[in-house]
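Let me begin by presenting the structure, written as structure tokens, before commenting on it.
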Amino acid sequence: MDKVTAFKEAIKTGLAFASVFGIAMQFGWMNPYWAGWAVAVIAMTTTGASIRKGVLRIVGTIPGCLAALAIHALAPQDRWLFLLLTCIWVFFTSYLMVSRKKDSYLWVMACYVCLIILLSDLESSENMFESAVFRTVETVMGVVVYTLISVFLWPQSSRGVIRKSSAALVEGLNDIVHSCRDGLLDRQLFVESFKGVQSKTVRQLAQFEQFLQAEGSESHEVSEVSHLWERFHGLATALLETAGRWHSGFAELIRVDVQAVFPNLPAYFAGLDANFAAVSQVLAGRLPEDLPRPVSLANDPVALERLTPFDRAAVEVARQEMSRLALLTAELLECALELEGRVETAGEPEPMLVSGVRDRAATFPVPDWDHLRSAAFVAATTGVGFLIWILFDPPGHSGWFQFSGTIALLVALVPQLRASKLIGPVAVTSAVCLAIYVFVMPRLSTFLGLGSLLFITMFLNCYFLSGMARFFTSMAILNILQIQNHQVYSFVAMANAYIFFVMVFAYLFVMSYLLSSPRPEKAFLRLLHRFFRSAEFLMARKAANPVHESVVNRWLAAFHEHQLSSLPAKLAAWGGSIDQKRFPDNTPEQIEALVTGTQVLVYRIEQFLQAGAVRQTEHLARELHDDIMTWHVGIRDTFGRWAGNPESEPAAALAQRLEAGLTRLEGRIKEALNRAGGDVSREEGENFFRLLGGYRGVSEAALAYAQTAERIHWARWREERFS
């Protein structure tokens, strides 16, 4: 955001902030703080984003108020039942907060408002109901006031951003395909060029999702076709994942002349370019004169016959991903035409083309372990805070129940944000606000002075600060200044509040250690352990090849499949938070390479399990059963050892063992194919080579990971420290 825009946005926020306090105090409403806090948190760069956040805040306030009234009605005099019901609600809303990214803020409000209303007035349920009503009314008023000001004073519209963002996204996806094309034809380019383009496209995809939500809140035209934009986003995501899987297998094609195997490769890439160009034209409002023809990919049977079985398997895996890529680009063009009203969809849209593993896992709803831990952290922090309040009653009083649970929501939402690092900013901003409370506010006798003070403080906050710093400064302004209809000044009360704010963040830091260590390097090791435990389970299950499996075992398989697919992104987040000053031996590039290795393993295991789900020829399966089982046991044991110790399998020993096993298996395959003769159909042969490519892919990915893991100094991460 440039300085001029930041200046305008700061003026709008400061004006809305002062206005809502003036309105609430003029009408004698219960707590002007609620309206002020609504303005502080929904102030966004564009009107659409602010409207969306404001709507989520209002919608989330209602279930929070209802839950508070229900808990109070069920446990009016029983503190333990009261605590149990509250913790259940906190756990439920916290889990939805971290698991549902699109409406996460709604569940933040549902939890936060419940905690506030529960102890707003304990004298009678009538007073609590009045607090719930005023909380809702003042939240609505704060949202409406800020929305009106943002619409009529220097409006920053979201209109048109989806078109621009989607066009940039299509260009980025086309660059991804070009990078893959260059890497396929020139192996020296496939690492360096791909990583940069992939990172840029991932950011564009995230921006597109944000713009879709913002403009969808502001524009009726966009909201009407939101389902098509959602499908566009899903297709772009699937295309990005498919390109990643395709690219990760290039190392297995190192001995293959791909241009000889795929003689129409130039026409294939030209067809993809034509699809992307047509999508860009349609999004720009221009219909291409001639729509591109379907993209096809044919192989040369003679060139295939010259390849070894494992090279043929690698070609089959690559062909499958390239065919999926062609289908996705065609669907992307069809979706763009639907958005322009050029074509109409007949019936239900076809399902997204994603990996077979995730399709099977989706039939069994499974929880995310990290989301459960985050929800348990918020519930435990709220419950222990309640006990601290009723047993010891330290400074802050009921704030140990309300405020600690609220801030725990923030820590759970961003687990890499350590509570210990928040103590300093909170102490500084609270001290400044305490000085204003003591030396400035007692001299104010009219709302003109008070409104000017509110405007100035919020203007400075919004203009100079952003992110967490802005959030905590807003919190300090509202909680330390304590502006009420009947203003009473008490230095002791505010000094106690200041002490409480510092103490509660120290308490949160301690609570974060009860579930597990919040240190990034420890979290990284813990996630890596779970990653390889899940990989070991899936490989053991595949080796057992059960015909009839219990529902519990299928649910466990779905759980481990979900873990395997979700953990690389979490490893990347925690790896990026590791303090490089404390661990200079492990560079960010090494950690990134390690995370990339886990992602490639996910791709290869998914392809392997997907290939194993199709029908294989029984003759070849019987011939190679013992050799394949030997491979299964070996790779399963390797994953098990890595789960216990990431450096337990030296790369040289693993390479020697895998190479010997694959060479022996390749010889046995040749013998089996020669004996089978014409008994193997073309379909059975393709399925067999897909499965064989899965074996080769997992082996190559495991070896690449082992080579990367050898460069990591694991012992330093395991060391205990207390700072």
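Since this is a predicted model, take the numbers as computed values, not measurements.
In this structure, Q204 and G172 approach most closely via the heavy-atom pair OE1-CA, 3.6 Å. When all heavy atoms of V113 and G64 are compared, the pair lying nearest together is CG1-C, 4.0 Å. Closest approach of C433 and L481 over heavy atoms only: O-CD2, 3.6 Å. Closest approach of G142 and V39 over heavy atoms only: O-CG2, 3.7 Å. Summarising the geometry of T382 relative to G405, their closest heavy-atom pair is OG1-CA, 3.3 Å, with the distance given to 0.1 Å. Residue L413 comes nearest to S104 through the heavy atom pair CD1-OG, 3.5 Å, listed as atom of the first residue, atom of the second, then distance.
Proximity of a side-chain donor or acceptor of Q281 to a complementary backbone N or O of L287 within less than 3.5 Å is not detected. A donor-acceptor pair is defined here as one N or O able to donate and one able to accept, closer than 3.5 Å; such a pair exists between the side chain of N479 and the backbone of M475. Without hydrogens or angle criteria, Q416 side chain to S577 main chain gives no donor-acceptor distance under 3.5 Å. At least one donor-acceptor pair under 3.5 Å links the side chain of W400 to the backbone N or O of P395. With K53 contributing its side chain and V41 its backbone, the two residues share a donor-acceptor pair below 3.5 Å. In this structure, the side chain of S280 engages the main chain of F276 through a donor-acceptor pair within 3.5 Å. Panel note: side chain S404, backbone V504; no donor-acceptor pair is recorded below 3.5 Å.
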Side-chain donor-acceptor pairs of residues 92-101 under 3.5 Å, sequence neighbours excluded:
unit_1: T93; atom_1: OG1; unit_2: W89; atom_2: O; d: 2.8
unit_1: T93; atom_1: OG1; unit_2: V90; atom_2: O; d: 3.2
unit_1: S94; atom_1: OG; unit_2: V90; atom_2: O; d: 2.6
unit_1: Y95; atom_1: OH; unit_2: D368; atom_2: N; d: 3.2
unit_1: S99; atom_1: OG; unit_2: Y95; atom_2: O; d: 2.7
unit_1: R100; atom_1: NE; unit_2: D103; atom_2: OD1; d: 3.2
unit_1: R100; atom_1: NE; unit_2: D103; atom_2: OD2; d: 3.2
unit_1: R100; atom_1: NH2; unit_2: D103; atom_2: OD2; d: 2.9
unit_1: K101; atom_1: NZ; unit_2: V98; atom_2: O; d: 3.3

Kindly list each side-chain donor-acceptor pair under 3.5 angstrom involving residues 13-32, sequence neighbours excluded, with atom names and distances?
unit_1: T13; atom_1: OG1; unit_2: E9; atom_2: O; d: 2.9
unit_1: S19; atom_1: OG; unit_2: L15; atom_2: O; d: 2.7
unit_1: N31; atom_1: OD1; unit_2: Y33; atom_2: N; d: 3.1

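Interatomic distance, CG of L205 versus CD of Q198, reported as 11.5 Å (0.5 Å rounding). Taken to the nearest 0.5 Å, the CD1 atom of I483 stands 4.5 Å off from the CG atom of L450. We find the OG1-CD1 distance between T147 and I51 to be 5.5 Å, quoted to the nearest 0.5 Å. To the nearest 0.5 angstrom, K12 atom NZ is 6.5 Å from L153 atom CG. Atoms CD and OG, on E209 and S165 in that order, are 10.5 Å from each other to the nearest 0.5 Å. Atom NZ of residue K3 and atom OG1 of residue T5 lie 12.5 Å apart, to the nearest 0.5 angstrom.
For F472 and F505, the gap between ring centers is short of 6.0 Å. With ring centers used as reference points, F471 lies under 6.0 Å from W37.
For the pair L69/F129, a side-chain contact is recorded, criterion being any heavy-atom separation below 4.5 Å from C-beta on. Residues Y112 and R57 have side chains in contact (heavy-atom distance under 4.5 Å, counting atoms from C-beta outward). Inter-residue side-chain proximity for I62 and L66 is flagged as met; some heavy-atom pair is nearer than 4.5 Å. By the 4.5 Å heavy-atom criterion applied to side chains, S512 and V411 are not counted as neighbours. Side-chain contact between V137 and V133 is present, with heavy atoms from C-beta onward closer than 4.5 Å. Side-chain contact between I477 and T473 is present, with heavy atoms from C-beta onward closer than 4.5 Å. Counting only heavy atoms from C-beta outward, the side chains of L410 and M468 approach each other to under 4.5 Å. Within the 4.5 Å cutoff, side-chain heavy atoms of Y507 are placed close to those of M511.
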| request: Go through F501 and F403 one step at a time and tell me if the ring-ring contact (aromatic ring centres under 6.0 Å, His included) criterion holds. | output: CA-CA 9 Å; F501 287 145; F403 189 75; 5.2 Å; yes

| query | Does the pair T201 and D175 meet the rule for a side-chain hydrogen bond (donor to acceptor under 3.5 Å, both in side chains), with working shown? | reply | CA-CA 9 Å; T201 310; D175 290 341; over 6 Å; no

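A parallel orientation is assigned to the rings of Y463 and F459, their planes being inclined by less than 30° (bins at 30° and 60°).
Note on E130 versus R135: no salt bridge recorded, every NZ/NE/NH1/NH2 to OD/OE distance being 4.0 Å or above. Salt bridge R231/E331: present, at least one basic N to carboxylate O contact under 4.0 Å.
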